[in-house]
Amino acid sequence: QQQVKQSPQSLIVQKGGIPIINCAYENTAFDYFPWYQQFPGKGPALLIAIRPDVSEKKEGRFTISFNKSAKQFSLHIMDSQPGDSATYFCAASYNNNDMRFGAGTRLTVKP
Amino acid sequence: DSGVTQTPKHLITATGQRVTLRCSPRSGDLSVYWYQQSLDQGLQFLIQYYNGEERAKGNILERFSAQQFPDLHSELNLSSLELGDSALYFCASSVDGLGGETQYFGPGTRLLVL
């Protein structure tokens with residue numbers, strides 16, 4: 001059932017570190033790859049998204065790297081802060097229907 | 001605040017019962033999605049509606065049903081509830097449910113089946 005595999009399950013970094021979360025997908029029809037951030041007790045919120053026609057997208061401290069041939073994409077968080085501590089989900093969809101989510105990565109940024 | 005509202009926030013019920021979860025999308029959004037989030041299954045897409053019509057179906061059980069009303073709010077009906085249905089249920093909305101749109105998630109309804 002799961003078509004998007006996400007790793008690691010949890011990640012602890014020091015403030016200022018660069019956590020990297022990786023995702024791999026199976027379905028080559030996927031054409032939209034968003035990352036969501038979820039704080040406890042809240043719904044997921046879109047962080048950044050990429051289409052397969054670009055290899056990298058940067059928004060503020062967040063960067064997605066995309067490797068179409070390997071069917072992998074990753075999220076890098078530059079200069080991480082304690083406020084970035086949250087659960088991060090990668091996702092993939094085709095035509096915005098039936099979005100498939102990774103299992104999530106719980107990130108802790110220590111002060 | 002995403003602009004998507006969900007009620008109730010919490011729901012406790014017994015096995016075999018039926019509940020209705022309600023969602024109001026962001027103003028102007030025509031498409032509504034329902035997701036289930038549980039510890040063992042993660043975030044699972046259930047169903048999508050666009051302007052009152054079902055557009056896509058995911059892992060929605062036959063005991064579950066949904067609809068979107070003319071005012072665009074949506075309801076998810078869960079019946080013959082089982083312990084395993086305990087989860088967070090999220091509603092999301094987007095402008096027209098096409099590729100590459102941002103889906104805005106509501107705060108969720110936490111369902112506990114005892």
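Since the model is a prediction, treat every value here as computed from it, not as a measurement. Below, chain A is the first sequence line, B the second, and so on; all start at residue 1.
- When the candidates A:P44, A:G43, A:A45 are compared by the number of heavy-atom contacts under 4.5 Å with chain B, A:P44 comes out ahead.
- Neither the backbone nor the side chain of A:F33 comes within less than 4.5 Å of any heavy atom in chain B.
- At a 4.5 Å heavy-atom cutoff, B:Q6 makes no contact with chain A through either its backbone or its side chain.
- Within 6.0 Å of atom CZ in A:R106, 12 or fewer heavy atoms from other residues, nucleotides or ligands are found, so the atom counts as exposed in its surroundings.
- Between B:D85 and B:R63, some side-chain heavy-atom pair lies under the 4.5 Å cut-off.
- Classification of the B:Y89-B:F64 ring pair by plane angle, with boundaries at 30° and 60°, yields perpendicular.
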Kindly indicate, with the supporting measurements, whether the criterion side chain to side chain donor-acceptor pair (under 3.5 Å) is fulfilled by B:S31 and B:D29. CA-CA 6 Å; B:S31 200; B:D29 284 359; over 6 Å; no
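- Taking non-hydrogen atoms and a 4.5 Å limit, the residue list of residues 105-114 of chain B in contact with chain A, ordered by number, reads B:F105, B:G106, B:P107.
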Under 3.5 Å, sequence neighbours excluded: what are the donor-acceptor pairs made by side chains of residues 10-25 of chain A?
none

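- Under a cut-off of 6.0 angstrom, the local environment of CD in B:E53 is sparse, with at most 12 non-hydrogen atoms contributed by other residues, nucleotides or ligands.
- In this pair, B:F69 and B:H73 present their aromatic rings parallel. The plane angle is below 30°, not in the 30 to 60° band.
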